[in-house]
Amino acid sequence: IGDLVQPIYDIIDILWKISLASVVVLKLETIYYEIFKMKLASILIFISLVTYLPYAFSKNMVTEALKKISKYTLLGLTFIYILLPGTILLSSAMSDYFEKEYKEPAVVRLNQSLDKLNKVKDDLFVMEQSKNIFNSKGGVVMRLELGKIFIKDIQFASESKIENNVLYVNKDELRKAIWDDEAIVSVEFDIAKPGESVRITPVKDVIEPRVKVEGRGGIFPGVLSKVDTVGEGKTIALKGMAVVTTGKIVGFQEGIVDMTGPGAEYTPFSKLNNLVIIAEPAEGIKQHEHEKAVRFIGFKAAKYLGELARNLQPEETKVYETKPLLEQIAQYPDLPKVGYVYMLQTQGLLHDTYVYGVDAKQIVPTILYPTEIMDGAIVSGNCVSACDKNPTYVHLNNGVIEELYEKHGKEINFLGVIITNENVYLADKERSSNWTAKFTKYLGLDAAIVSQEGFGNPDTDLIMNCNCLLYTSPS
């Protein structure tokens, strides 16, 4: 701390001296212009010459005295019109020099030091939070408190806030918070409520706003928040509403949400209050760039709205907890050990899913705590196959995970989630299905629930996963 504080005192001392000198010079400058704004130079020159001329013709005590008057008059003239302005000019130049050479670099160093202190503070906070999850003999306990605030209406207003279960949205503030991509030329907003004679199309993604209020990381890690393991602490979700991204069609088979009529029965989003974003792309933009730009606008909007709930008290809170593997098995030794094989759409060409910000085409199967998914570890980049895709809302509110937690400790022992991808080439399919089966065996599962996203080509991945799970030796 001393190494940081001493330079700060040195900087303050230098700035004080510069400020004092500047005040004195400016005061003199003011007095100078107030007193000597008349043509004093002519008078002083006249006095100097008149008092010196007698001495040139006759040298006696009187002319000697007049000569001294002439001398001091000339010195006064020099001080007023040469030395004083020169001093002011020199002081101004020195002030500029010290400001550039000392003050500005000092301010930069001070800001850097403060940034370092803030980083240390943040790291200490993360370490303190991490202690809460390393409270079990066997390792990490993932305990997530998911708070819920129920949104019953959405209205546009001059201030963004949540009040009496109504979400008020300032369109200008929201637009500024989410739109900074030149790939998009306009962003507009609309509201669609259950029962209205409205059809929303073409839908790219649907996202539930959430905010991380305690614990490691933030919502949508690796996408909007820094890459950190999520799934513990406290998270607040805005229930009863969603952000829906739309605009010019990116690819065929994009989504439709009917808010009333027969079509409303076939989508869960017809039951929600939807904030619809209409994002129009620039001319000539490529499809994948268009999809990415709209995807990030949706995530940013969900994060912006979620932040409005950061300091609010949830109306309802549900706790989800998964212990380290050996402890979890020992907790319910008489219940069947069950895992969830979560197949993610990764065929490419707008059929994409992201795990902690990484395109899932690039991963091999791995294990996640179920609560990581509730904090946005998995998000959709899947624009097409509307009837058979999982938008981000579905990942956040995965019904299989919810049901498994409901039965956990009663009928089953829910150990965790194995995520795997859906590939295009046979070799990749074989690798992923083999690894998936390997993990189920490693966990010692008695049963696995498998869910598929998409249809057609992914049917092969589903069959291969099931086939490998049926046999003890993956092949």
Side-chain angles (χ1 to χ4, degrees), residues 154-160 167-193 196-210 218-220 222-225 238 241-259 267 269 272-308 345 348-354 357 359 376 379-386 389-393 395:
I154 302 176
Q155 298 178 19
F156 294 125
S158 59
E159 179 186 1
S160 293
L167 172 64
Y168 297 95
V169 180
N170 182 310
K171 291 194 286 187
D172 292 333
E173 284 185 6
L174 177 57
R175 186 181 292 109
K176 183 178 179 181
I178 68 176
W179 182 24
D180 58 1
D181 194 328
E182 294 179 354
I184 302 299
V185 295
S186 69
V187 173
E188 299 298 333
F189 306 100
D190 208 337
I191 297 170
K193 303 177 183 179
E196 291 184 338
S197 183
V198 172
R199 169 172 288 173
I200 310 172
T201 189
V203 175
K204 280 78 168 120
D205 198 7
V206 182
I207 312 158
E208 182 177 77
R210 295 191 175 193
I219 292 298
F220 308 131
V223 179
L224 297 185
S225 304
L238 301 188
M241 72 148 299
V243 172
V244 180
T245 51
T246 69
K248 184 178 179 181
I249 194 164
V250 178
F252 60 91
Q253 299 177 328
E254 291 189 22
I256 296 172
V257 176
D258 281 350
M259 300 303 294
T267 172
F269 309 125
L272 304 177
N273 292 291
N274 294 309
L275 178 66
V276 182
I277 302 176
I278 306 100
E280 298 297 346
E283 288 294 328
I285 187 175
K286 295 180 180 178
Q287 284 182 306
H288 67 277
E289 294 173 344
H290 180 187
E291 184 278 323
K292 180 180 179 181
V294 177
R295 177 176 8 119
F296 271 78
I297 281 177
F299 295 152
K300 290 176 182 178
K303 183 177 181 180
Y304 171 89
L305 298 175
E307 285 291 338
L308 301 177
Q345 176 62 274
L349 298 176
L350 308 180
H351 302 70
D352 301 299
T353 306
Y354 297 86
D359 189 334
V379 297
S380 174
N382 191 355
C383 248
V384 296
S385 303
K389 75 173 184 178
N390 292 331
T392 300
Y393 185 100
H395 290 300

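Remember, predicted model here, so these are calculated numbers, not experimental data.
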Novice: Assign the ring pair Phe269 / Tyr393 to parallel, tilted or perpendicular, where the plane angle (0 to 90°) is split at 30° and 60°.
Specialist: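 Plane angle over 60°, so perpendicular.
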Novice: Taking all non-hydrogen atoms of both residues into account, name the closest pair between Ile191 and Glu196 and its distance.
Specialist: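 The pair with the smallest heavy-atom distance is O-OE1, 3.9 Å.
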Novice: To the nearest 0.5 Å, tell me how far Glu188 CD sits from Trp179 CH2.
Specialist: 8.0 Å
Novice: So, taking the atom named CG in Leu305 and the one named OH in Tyr168, what distance separates them when rounded to the nearest 0.5 Å?
Specialist: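 So the CG of Leu305 and the OH of Tyr168 are separated by 15.0 Å.
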Novice: Do other residues, nucleotides or ligands put more than 12 heavy atoms under 6.0 Å from Gln155 CD?
Specialist: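 Enclosed.
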Novice: What are the two closest non-hydrogen atoms of Ile285 and Ala183, and how far apart are they?
Specialist: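 Shortest heavy-atom separation between Ile285 and Ala183 comes out as CD1-CB, 3.1 Å.
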Novice: Does atom NZ of Lys292 have more than 12 heavy-atom neighbours from other groups under 6.0 Å away?
Specialist: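 Incorrect, the count does not exceed 12.
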Novice: Would you check if Ile184 and Val294 make a side-chain contact, meaning some heavy-atom pair closer than 4.5 Å?
Specialist: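 Sidechains of Val294 and Ile184: in contact.
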Novice: Quick one, Thr201 and Glu254 - any side-chain contact, counting heavy atoms below 4.5 Å?
Specialist: no
Novice: Using a 4.5 Å cut-off on heavy atoms from C-beta on, say whether the side chain of Val379 contacts that of His395.
Specialist: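 They are not in side-chain contact.
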Novice: Find out whether Leu272 and Met241 are in side-chain contact, i.e. whether some heavy atom of one side chain is under 4.5 Å from a heavy atom of the other.
Specialist: no
Novice: Go through it in stages, so that I can follow the logic: the residues are Lys303 and Ile219, the test is side-chain contact (heavy atoms from CB on, under 4.5 Å), and I'd like the CA-CA distance, side-chain angles, deciding distance and then a yes or no.
Specialist: CA-CA 7 Å; Lys303 183 177 181 180; Ile219 292 298; 5.7 Å; no
Novice: Write down the atom of Lys389, the atom of Val203, and the distance for their closest heavy-atom approach.
Specialist: NZ-O, 4.0 Å
Novice: At their closest point, which heavy atom of Ala279 faces which heavy atom of His290, and how far apart are they?
Specialist: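 Smallest heavy-atom distance, with atoms named: O-NE2, 4.5 Å.
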Novice: Apply side-chain contact (heavy atoms from CB on, under 4.5 Å) to residues Asp181 and Ile297 and explain how you reach the verdict.
Specialist: CA-CA 9 Å; Asp181 194 328; Ile297 281 177; 5.8 Å; no
Novice: Kindly indicate, with the supporting measurements, whether the criterion side-chain contact (heavy atoms from CB on, under 4.5 Å) is fulfilled by Thr245 and Arg295.
Specialist: CA-CA 8 Å; Thr245 51; Arg295 177 176 8 119; over 6 Å; no
Novice: Taking all non-hydrogen atoms of both residues, which atom of Leu350 and which atom of His288 are closest, and how far apart?
Specialist: CD2-CA, 4.3 Å
Novice: Working to the nearest 0.5 angstrom, can you tell me the gap between Lys300 NZ and Ile207 CD1?
Specialist: 12.0 Å
Novice: Give the minimum heavy-atom separation between Ser380 and Asp205, together with the two atoms involved.
Specialist: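 Smallest heavy-atom distance, with atoms named: O-OD2, 3.9 Å.
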Novice: Does any part of the side chain of Val243, heavy atoms only, come nearer than 4.5 Å to the side chain of Pro209, both counted from C-beta?
Specialist: yes
Novice: Do side-chain atoms of Glu173 reach the backbone of Glu159 as a donor and acceptor pair under 3.5 angstrom?
Specialist: no
Novice: What is the distance from atom CG of Leu275 to atom CG of Leu174, rounded to the nearest 0.5 Å?
Specialist: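 Those atoms lie 6.5 Å apart.
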Novice: Consider ring pair (Phe, Tyr, Trp, His ring centres under 6.0 Å). Of Tyr304, Phe220, Tyr354, which one does Phe299 pass it with?
Specialist: Phe220
Novice: At what distance, to the nearest 0.5 angstrom, does CG of Leu349 lie from CD of Glu291?
Specialist: 11.5 Å
Novice: Nearest 0.5 angstrom please: Asn170 CG to Phe189 CZ, how far?
Specialist: 9.5 Å
Novice: With side chains defined as the heavy atoms from C-beta onward, is the minimum distance between Asp190 and Ile278 less than 4.5 Å?
Specialist: yes
Novice: What verdict does the side-chain contact (heavy atoms from CB on, under 4.5 Å) test give for Ile178 and Ile277, after you've listed the backbone C-alpha separation in whole Å, the side-chain angles of each residue and the deciding distance to 0.1 Å?
Specialist: CA-CA 10 Å; Ile178 68 176; Ile277 302 176; 4.2 Å; yes
